[in-house]
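Below is one structure; the comments refer to it alone.
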Amino acid sequence: KDSIRSLSLVEEGDQMFTTSMYSGQSIVRPVAGIDDFTKIHAFIRAQLTNDPSTDEDATVEVLNGTDRSGVASREQAELSTKGIIATSIGDAPTSSSYGRVQWFDLTGGTKPLTAKKLAEVLGEPSSGAQLPEGVFSEADFVIVVGDE
């Protein structure tokens, strides 16, 4: 009984759910979008983990740098199993120059624990602080997935 912890997902000022209509039905859905649970996952993981990198509250974007669909979402799911919550996914210009994966630290060194964890999980050092030409992001860390 003492190890049970209660978390609120509807705190005033930091709502994670909202109501809306979908196909004529009233629903409760994540504020981020009907199928976007990334903010909720990140919040729960941060509350229930002892991983100090979660205290940095870093944003991580995964971009698909291939011409195949679903690459970024598969990488997002894989990262989640390893304790990294990608807060967004998208596309980068298709290029063979990315290799299997490149990641970029755009924080100027202000989130070193997250950078360390990314290096460990991805098995690659950061590719630097400058995104490849044609790649744009506001995230703290950007992961570009290329062809294997």
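Values in this document were obtained by computation on a predicted structure and should not be read as measured data.
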**OP:** Return the minimal non-hydrogen interatomic distance between G90 and A72, and the atom names on each side.
**Re:** O-CB, 3.8 Å
**OP:** For Q76, enumerate each residue passing the side chain to side chain contact (heavy atoms under 4.5 Å, CB included) test, keeping only those at least two apart in sequence or located in another chain.
**Re:** T38, A86, I89
Original post:
Does S97 have any side chain to side chain contact (heavy atoms under 4.5 Å, CB included) partners at least two apart in sequence or in another chain, and if so, which?
Top reply: S95
**OP:** Could you pull out the closest heavy-atom pair between T18 and P30, with the gap in Å?
**Re:** CG2-O, 4.4 Å
**OP:** Would you give the length of the straight line joining atom CG of D91 to atom OG1 of T66, rounded to the nearest 0.5 angstrom?
**Re:** 8.5 Å
**OP:** To the nearest 0.5 angstrom, please state how far the CG atom of N64 sits from the OG atom of S73.
**Re:** 8.5 Å
Just distance, no hydrogens or angles: give the donor-acceptor pairs under 3.5 Å from side chains in residues 125-143, sequence neighbours left out.
from	atom 1	to	atom 2	distance (Å)
S126	OG	G128	N	3.0
S126	OG	G128	O	3.3
S137	OG	E61	OE1	2.4
S137	OG	A139	N	3.0
D140	OD2	T59	N	2.9
D140	OD2	T59	OG1	3.3
D140	OD2	K111	NZ	2.9

Original post:
For L122 and L79, what are the C-alpha separation, side-chain angles and deciding distance, and is it a side chain to side chain contact (heavy atoms under 4.5 Å, CB included)?
Top reply: CA-CA 9 Å; L122 296 172; L79 290 170; 3.9 Å; yes
Original post:
Atom OG1 in T114, atom CD1 in I84: separation rounded to 0.5 Å?
Top reply: 8.0 Å
Subject >> Rounded distance (nearest 0.5 Å) linking atom CG of L63 with atom CD of E75 >> reply: 11.0 Å
**OP:** Please list, chain by chain and in numerical order, all residues satisfying side chain to side chain contact (heavy atoms under 4.5 Å, CB included) with E124, sequence neighbours excluded.
**Re:** V101, W103
Show me the donor-acceptor pairs within less than 3.5 Å that the side chains of residues 22-29 make with the rest of the protein, sequence neighbours left out.
from	atom 1	to	atom 2	distance (Å)
R29	NE	S20	OG	3.2
R29	NH1	V31	O	3.4

**OP:** Examine F104 and Y98 and state if one hydrophobic cluster contains both, with Ile, Leu, Val, Met, Phe, Trp and Tyr joined whenever side-chain heavy atoms are less than 4.5 Å apart.
**Re:** yes
Subject >> Residues in salt bridge (charged side-chain N to carboxylate O under 4.0 Å, His left out) contact with E78, at least two apart in sequence or another chain >> reply: K82
